[in-house]
Every structure is written in structure tokens, then in C-alpha cells.
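Report on the structure given below.
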Protein chains: 2
Amino acid sequence: MQEIFAQKKKSPYIADKVLRNPKNNIVMVLSKACIYGIQAAIYVASVKDVGYVSIQEISEKLNISFHFLTKVLQQLTQAGILNSYRGPKGGVALAKQSEHISLYNVIAAIDGTDIFTECMLGLPGCGIATPCPAHDSWAEMRSKLFTICHRTTLRDLAEKANQYNVRLANLPLTV
Amino acid sequence: MQEIFAQKKKSPYIADKVLRNPKNNIVMVLSKACIYGIQAAIYVASVKDVGYVSIQEISEKLNISFHFLTKVLQQLTQAGILNSYRGPKGGVALAKQSEHISLYNVIAAIDGTDIFTECMLGLPGCGIATPCPAHDSWAEMRSKLFTICHRTTLRDLAEKANQYNVRLANLPLTV
DNA sequence: AAGATTTAACCCTACTTTGTCTTAAATTAT
DNA sequence: ATAATTTAAGACAAAGTAGGGTTAAATCTT
Ligand code: SF4
Ligand code: SF4
């Protein structure tokens with residue numbers, strides 16, 4: 001027996017402009033602030049010279065707004081991931097060895113840990129007594145994300161960056 | 001031999017208010033529009049009666065803004081996931097059998113497919129010639145997300161919803 | 001001590017997303 | 001036909017995110 005849906009004929013009306021503007025179509029898992037933070041952290045970790053790297057240099061190399069990046073890196077500083085120092089020859093530097101800073105640490109410092117623990121469907125207080133039907137799938141996803149971000153360290157990323165001279169910046173490709 | 005970082009003493013200055021407001025701390029993988037769309041789609045799929053379900057009913061049951069939900073569901077209608085019908089006894093209904101509509105379909109219709117294909121670090125044109133150091137990890141994540149969203153159908157979700165009388169709405173918990 | 005440099009803090013602007021409301025169009029019921 | 005119902009469309013407001021500048025504080029150089 002076949003399931004029956006709505007049998008009436010469909011309304012001919014077609015909308016042409018509904019919700020999103022056509023230009024903006026990127027759905028982000030991480031905020032821009034977080035992305036910048038990760039990029040900058042990898043950059044700092046990949047710089048060979050010991051010492052402080054100025055935010056100006058980072059923002060130029062990675063093509064990130066200086067003032068915005070400054071605020072983002074302040075968060076990493078407050079989280080104990082970076083040390084900052086003012087004045088000439090100042091800047092930021094890793095507060096710990098790069099292999100002791102995970103992607104998770106950086107994300108947690110900027111976007112928080114909700115992405116790892118909270119429901120991606122936006123329902124509060126879940127998984128306790130009345131899990132919603134999507135729970136298992138999302139829980140699996142979260143677990144995967146958690147594992148990946150935990151085991152990936154800045155050293156891993158910086159190493160690869162140096163090794164392959166890989167690009168971190170959001171610059172136009174030099175085709 | 002131990003690696004050396006910045007050896008100078010740390011600036012004692014601690015900022016108290018930097019970027020985000022304390023109230024806003026939920027980082028979302030999916031937009032609210034998308035979450036609403038998923039919830040509504042599951043609701044429609046879980047309704048036993050054949051026929052159109054009014055958006056008014058959905059918005060009340062799921063505690064979602066009626067007008068906003070209307071726009072979201074228009075997107076699903078235009079994507080061929082729902083049929084809509086105006087007038088008394090009108091509303092929306094699944095355009096296909098619930099087991100033929102995946103979570104992926106719904107997400108793609110509302111938030112687009114970038115989350116499955118594009119870089120989560122926000123860099124364009126990736127993975128081709130010069131993958132960034134985080135590529136492998138993210139690619140693994142994307143693949144996982146893709147698989148889960150593809151194999152999870154509205155029927156799976158609606159079945160669970162009916163079976164366990166599980167909550168879909170963002171309502172205060174009746175503790 | 002004075003000046004230059006660099007992060008910290010704060011204010012403000014532009015854009016996106018979310019949410020509200022009003023009117024128009026389609027459809028049913030009377 | 002008329003009225004009621006319900007989606008479609010579009011204008012608009014509120015809130016959040018990204019970004020830009022200006023001043024203050026810390027620190028080094030001279
Ligand atoms: S049960 Fe799981 S998937 Fe469902 S709303 Fe709660 S956390 Fe989200
Ligand atoms: S190489 Fe992969 S992780 Fe890196 S920017 Fe490109 S898509 Fe993203």
C-alpha cells in the first residue's frame with residue numbers, strides 16, 4: 001500500500017526572493033574571529049624565530065583586519081594560549097609549547113565549547129530525559145569533532161605549514 | 001634541548017571586556033532558519049494525518065515565529081521538499097515520501113551545501129594545489145557530516161519522534 | 001627624560017541574521 | 001459572489017558579527 005500525501009494540485013505561485021541575499025551564502029561552523037585566531041596561532045607557531053611576533057605582521061601576512069585580529073588575539077592571551085608584550089619588539093608569542101596547544105584550546109578560547117557540547121539543533125537541556133530524534137547522529141558528529149580538534153595540535157599544523165610551504169592566508173590565488 | 005619562547009615577563013594588564021557580549025555564547029553550525037526548517041520538516045513528517053499542515057499550527061507547536069517560519073518553509077517548497085497550498089485547509093505537506101528526504105536535502109535547501117564542501121577555515125579554492133595544514137582534519141569532518149546527513153531521513157527522525165514522543169520544540173522543560 | 005612602538009580599551013559604522021508586521025494572492029466555504 | 005483562511009511577498013525593526021579608528025598604557029630606544 002502506497003502512502004498518500006497531499007493530492008490537490010500545487011499552487012502555481014513561485015517566490016523569487018525569500019530569505020538570504022544571493023551574495024552571502026557561506027555557512028560557517030566557526031566564527032570569523034575563531035578562524036582568524038586559528039590562522040594566527042598557526043602562523044605564530046610556524047615562525048622559526050623565537051620571540052614576539054607583532055600583530056601588525058600577522059595581520060599583513062594573513063590579510064586580516066589589524067584591529068579585529070588584535071581583539072581576537074587578546075582573547076587567546078587571556079586564555080593563556082598566547083603571551084603578549086607591548087612596546088618595540090613586542091607582540092604575541094605562544095605561551096606554551098606548540099604541541100601542548102590543541103585546535104580545541106583555540107576554538108574554546110574564542111567561540112567557546114558549545115559547539116562541542118551543545119545541541120546543533122538549538123534545543124536546550126537535551127539528551128537527558130527526552131532526546132530528540134536527531135540526537136544520536138549529532139552526538140556522533142560532536143564526538144568526532146571533539147576528537148579531531150583535541151588531537152590536532154598547533155605543532156602538527158605549523159609543521160605542515162612549514163613543510164609544504166602551505167598557505168594560511170585568505171589571499172587571491174596566484175594562478 | 002628545550003624550546004624557548006618569549007622569556008620576558010608578561011604584561012600585567014588584563015582586559016575585562018573584549019569581543020563578545022556575555023549573553024551571546026552559542027556558536028551554531030546551522031543557522032536558525034535551518035534549524036527551524038529541520039524541526040518543521042520532522043514535525044510535518046511525523047503528523048499521522050494525510051493532508052496539509054498549516055504553518056500556524058507548526059509555529060505554535062514548535063514555538064517558532066510564524067512569519068519567519070513561513071519564509072523558511074517557502075524555501076523548502078521551492079526546493080521541492082514541501083508542497084504548499086493556500087486557503088482554508090491549506091498549509092504545507094511533504095512533496096516526497098519521508099524516507100526519500102534526507103537531512104542533507106533540508107540543510108542544502110536552506111543553508112546551502114557549503115558546509116559540506118567548503119573549507120571550515122574560510123579559505124577559498126582549497127585542497128587543490130596547496131592545501132592548508134588543517135585540511136586533512138577538516139576533510140574528515142566534512143565527510144562524516146556528509147555521511148550522517150545523507151543517511152538520516154525525515155522518516156528516521158519522524159519515526160523516532162513518534163515512537164518516543166520526543167520533543168522537537170524549543171519549549172521550557174516540564175521538570 | 002623624551003620619543004617611538006606596540007598592545008589594550010573603547011567608540012562607532014556597516015552588514016547579516018532574525019524577527020515583526022502589513023498587504024497581496026490563492027483557495028475554500030457559505 | 002462574498003467572506004474567511006492561509007501562503008507569498010515585501011517593508012521594516014532588532015540584534016549580532018565583522019571591521020575601522022582613536023586614545024591610553026606599557027615598554028624599548030636614544
Ligand atoms: S536530543 Fe540531541 S539532537 Fe535533540 S535537541 Fe537535544 S542535543 Fe539536540
Ligand atoms: S586546505 Fe582544506 S582546511 Fe585548508 S583552507 Fe583549504 S579546504 Fe580549508
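In what follows, chains carry the letters A, B, and so on, assigned in the order in which the sequence lines appear, proteins first and then strands, with residues in each chain numbered from 1.
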Q) Considering heavy-atom distances to DNA chain C, does Gly87(A) or His67(A) have its closest nucleotide positioned more toward the 5' end? A)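 Its nearest nucleotide lies further toward 5', so the answer is Gly87(A).
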Would you say a side-chain N or O of [X] is under 4.0 Å from OP1 or OP2 of [N]?
| X | N | value |
| --- | --- | --- |
| Tyr36(A) | dG19(D) | yes |
| Tyr52(B) | dT7(D) | no |
| Ser65(B) | dT20(C) | yes |
| Ser84(B) | dA8(D) | yes |

Q. Start at the 5' end of DNA chain D and walk down; is the nucleotide closest to Leu73(B) or to Phe66(A) reached first?
A.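 Of the two residues, Leu73(B) wins.
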Figure out the [atom1]/[atom2] separation between [X] and [N], and round it to whole Å.
| X | N | atom1 | atom2 | result |
| --- | --- | --- | --- | --- |
| Phe68(B) | dA8(D) | CZ | P | 15 Å |
| Gln75(B) | dT7(D) | CD | C1' | 15 Å |
| Gln56(A) | dA4(C) | CD | P | 18 Å |
| Tyr85(A) | dA25(D) | OH | P | 17 Å |
| Arg86(B) | dT27(C) | CZ | P | 7 Å |
| Gln74(B) | dT6(D) | CD | C1' | 12 Å |
| Asn83(A) | dT6(C) | CG | C1' | 15 Å |
| Lys71(A) | dC10(C) | NZ | P | 11 Å |

Q: Verify, without hydrogens or angle tests, whether Thr152(A) (side chain) and Cys149(A) (backbone) share a donor-acceptor contact under 3.5 angstrom.
A: no
(Q) Main chain of Ala139(B), side chain of Ser143(B): is a donor-acceptor contact present, judged purely on distance under 3.5 Å? (A)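 Checked: no pair found.
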Q.
Test of understanding: with ring pair (Phe, Tyr, Trp, His ring centres under 6.0 Å), list the residues that count as partners of His100(B), not counting sequence neighbours.
A.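 Expected list: none.
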Q.
Parallel, tilted or perpendicular, judged at 30° and 60°: which one describes the rings of Phe116(A) and Tyr104(A)?
A. tilted
Q) Is Lys32(B) side chain donor-acceptor paired with the dG16(D) base, going by distance under 3.5 Å alone? A) no
**Q.** Glu140(B): salt bridge (Lys or Arg N to Asp or Glu O under 4.0 Å) partners, not counting sequence neighbours
**A.** Lys144(A), Arg151(A)
